[in-house]
Novice: 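Can you keep this structure in mind? I'll have questions shortly.
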Amino acid sequence: MATRTRIRSALAGEGLGGDVTVKGWVRTSRVGKEVAFLAVNDGSSLASLQVVAEPALPNYPEVCAISTGAAVAVRGRLAESPAAGQRYELRAAEIEILGPADEGYPLQKKRHTFEYLRTIAHLRPRSNTFGAVFRVRSSLAQAVHRFFAERGFLCVHTPIITTNDCEGAGELFRVTTLDLARPKLVDGEVDFSDDFFGEAAGLTVSGQLEGELFAQAFSDIYTFGPTFRAENSNTPRHAAEFWMIEPEMAFADLRDDARLAEEFLRHLCRHVLDHCQEDLAFFNDHIDRGLVARIEGVAGSTFAMMEYGEAITRLQRAEVAFEYPVEWGLDLQTEHERYLTEQVVGGPVFVVNYPREIKAFYMRQNDDGKTVAAMDLLVPKVGEIIGGSQREERHDLLMARMEETGIDPASLWWYLDTRRWGSTPHAGFGLGFERLIMYLTGMENIRDVIPFPRTPRHAEF
RNA sequence: UCCCCAAUAGCUCAGUCGGUAGAGCAGGUGGCUGUUAACCACCUUGUCCCUGGUUCGAGUCCGGGUUGGGGAGCCA
């Protein structure tokens, strides 16, 4: 058959009145003696194209037997539809059944639970919801790159295999070619000097440290790639493999960092509103009633900023019984974060300058000696969505902080080197890509915004 | 890892007081129709998650387990 027209284009009337060929998968069929209708979808849009088949077709009996899930190629005339429900339809002159589907096809025309669809992750992208999720995911990924490209940020591919184990010991996935049945032991411990890299290696938990190195050469950089956590987290918000977006800016402080985060999130909200309207309307109707209004709210708002100390005071004054204690020096729990963004501010809010004891070693110490230049962006419904900080650029203070937190400076000699030669104030943040997708689609389980999710006990497909 | 909930037809679920299994959808057959996740009639489909116990009798009650989900912690 002739050149394929994407169904998205056909639905927009492209080729109206002329000869058009589409190829896709049958979503539903409605069959009669005088006429049959096939809804055909090729993934280019949420909506399917109605194909009209008449008995004059040489293979009309076979066409009538086509069931949900079959792959077809249809050539015909694209015409205005006489019936309500669609503007255009394809009057078939020829229907080729490329790949039939029998009654065992697991995706039915009716609603399925997400739990069930996870067990058929190889087929669920053919469903309405997952089609929409993965179109939005793709669009957002491109929007992320475009946002940074437009601002002159360098895209750096930080390593996936790493020998840093200083960011949090037990959560690293081990990467090894050693014989697991008989590893060489020295004093009862596995001897990794025989391993592929000559030392213990694992999958990265963050590209930040390497990102900082590149920021000290290219000024503004970002990394956007997969990260891995071996934590036994069983929640709808955690996965063992997920994607992170981590920009890093030299010659920048916490204010600059917050400004970038704010622009970034607003830009992505604007992006889905402008470019994913059909899918967003679907989510708004079927998944999360207030979705579009909430995204419009964030896209149009200026984000508030609040000191950690003030946040504590506000929480202590709140006439709400929190499950976890509120006290200066303790970290904010999800319930606290949501109270701040939903009740106190009523919109996105940065909480800044956290106690140094509850934050990572690389965050810049403030002059008060008690806090570090950290920021969390809290948004309604989810709580923290972005975490960032100004980094400690002063060599002596960074060394002292590493010793305090039990990190061997020798293992991060290259990181410390950037503070020896041409050190600059710099800052960056991290955003979990899946959490962003969840926020912008209303999907409530991270397993349903990753094509093939990896969670404890699950790495199928 | 801790706490809570759930598991019944291919899918979504109901199943009363403990009395031997039911609906819708899917599938099959027939009908009807420019249909809209079409409609109408008839038909098919069960390791009631596994295991042990209580009982004359367990889908139902109790213990243990498995799997899934939710909440929490960790965090992105």
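All chains are named by letter (A, B, ...) in the order of the sequence lines, taking the proteins before the strands, and each is independently numbered beginning at 1. None of the values given here were measured: they were computed from a predicted structure.
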Novice: A:N445 side chain: which of B:G70, B:A38, B:C74 is closest?
Specialist: B:G70

Novice: With under 30° as parallel and over 60° as perpendicular, where do the rings of A:H145 and A:F224 fit, or are they tilted in between?
Specialist: tilted

Novice: Take A:V31 and A:E241, find for each the nucleotide of RNA chain B with the closest heavy atom, and name the residue whose nucleotide sits nearer the 5' end.
Specialist: A:V31

Novice: Are more than 12 heavy atoms, taken from residues, nucleotides or ligands other than A:R255, located less than 6.0 Å from that residue's CZ atom?
Specialist: no

Novice: For A:N128 and A:R27, which I'm curious about, is there any donor-acceptor pair between the side chains at under 3.5 Å?
Specialist: yes

Novice: Classify the nucleic acid contact of A:E434 as base, sugar-phosphate or nothing, counting any heavy atom under 4.0 Å across all strands shown.
Specialist: nothing

Novice: Restricting to side chain to side chain contact (heavy atoms under 4.5 Å, CB included), what partner residues turn up for A:F173, sequence neighbours left out?
Specialist: A:L203, A:F228, A:A230, A:A240

Novice: Does the side chain of A:Y354 pick up a donor-acceptor pair with the side chain of A:D376 at under 3.5 Å?
Specialist: yes

Novice: What's the closest nucleotide to the A:N234 side chain, out of B:A38, B:U1, B:G68?
Specialist: B:U1

Novice: Of the candidate nucleotides B:G73, B:G34, B:A38, which contains the atom at the shortest distance from the side chain of A:Q50?
Specialist: B:G34

Novice: Would you mind classifying the nucleic acid contact of A:E323 as base, sugar-phosphate or nothing, using non-hydrogen atoms under 4.0 angstrom?
Specialist: nothing

Novice: Across the strands shown, which category fits A:A84 at heavy-atom distances under 4.0 angstrom: base, sugar-phosphate, nothing?
Specialist: base

Novice: Which heavy atom of A:F433 sits nearest a heavy atom of A:R137, and at what distance?
Specialist: CZ-O, 3.5 Å

Novice: What about A:E444, does its side chain sit under 3.5 Å from the base of B:G69 through a donor-acceptor pair?
Specialist: no

Novice: What is the nucleic acid contact for A:I446, judged by heavy atoms within less than 4.0 Å: base, sugar-phosphate only, or nothing?
Specialist: base

Novice: Rounding to an integer number of angstrom, what distance separates B:C49 and B:A7 when you compare their C1' atoms?
Specialist: 6 Å

Novice: Which value, in whole Å, describes the distance between the P atoms of nucleotides B:C4 and B:C40?
Specialist: 46 Å

Novice: Can you tell me how far P of B:C75 sits from CD of A:E384, to the nearest Å?
Specialist: 10 Å

Novice: Salt bridge or not between A:D253 and A:R364? Use side-chain N to carboxylate O under 4.0 Å.
Specialist: no

Novice: Could you tell me whether A:A39 contacts a base, only the sugar-phosphate backbone, or nothing, with contacts defined as non-hydrogen atoms closer than 4.0 Å?
Specialist: nothing

Novice: Is the closest basic N to carboxylate O distance between A:E89 and A:R91 below 4.0 Å?
Specialist: yes

Novice: Any stems for RNA chain B, made of 3 or more Watson-Crick or G-U pairs in a row, each with both distances under 3.5 Å?
Specialist: B:1-7 with B:66-72, B:10-13 with B:22-25, B:27-31 with B:39-43, B:49-53 with B:61-65

Novice: Please write out the pairs of protein N or O atoms and N or O atoms of nucleotides 24-26 of chain B separated by less than 3.5 Å, giving the distance to one decimal.
Specialist:
| unit_1 | atom_1 | unit_2 | atom_2 | d |
| --- | --- | --- | --- | --- |
| B:A26 | O4' | A:Q108 | OE1 | 3.4 |

Novice: Could you please name the option among B:G73, B:U35, B:C13 that lies closest to any side-chain atom of A:T113?
Specialist: B:C13

Novice: Is any side-chain nitrogen or oxygen of A:R447 closer than 4.0 Å to OP1 or OP2 of B:G70?
Specialist: yes

Novice: Just wondering, more than 12 heavy atoms not from A:E241 lying within 6.0 Å of its CD?
Specialist: yes

Novice: Using a heavy-atom cut-off of 4.0 Å across all strands, would you classify A:P236 as base, sugar-phosphate, or nothing?
Specialist: sugar-phosphate

Novice: With a 3.5 Å cut-off and heavy atoms only, can you find an N or O donor on one side and an acceptor on the other between the side chain of A:E34 and the base of B:U35?
Specialist: no

Novice: With a non-hydrogen cut-off below 4.0 angstrom, is A:S81 in contact with a base, only sugar-phosphate, or nothing?
Specialist: base

Novice: Once you apply a heavy-atom cut-off of 4.0 Å, does A:Y116 come out as touching a base, just sugar-phosphate, or nothing?
Specialist: sugar-phosphate

Novice: Can you confirm whether more than 12 heavy atoms, excluding those of A:R8, are under 6.0 Å from its CZ atom?
Specialist: no

Novice: Looking at B:C11, does its base get a donor-acceptor pair with the side chain of A:H112 below 3.5 Å?
Specialist: no

Novice: Could you measure between the two C1' atoms, the one in B:U51 and the one in B:G59, and give it in whole Å?
Specialist: 16 Å

Novice: Any N or O donor-acceptor pair linking the side chain of A:S233 to the base of B:C74 at under 3.5 Å?
Specialist: yes

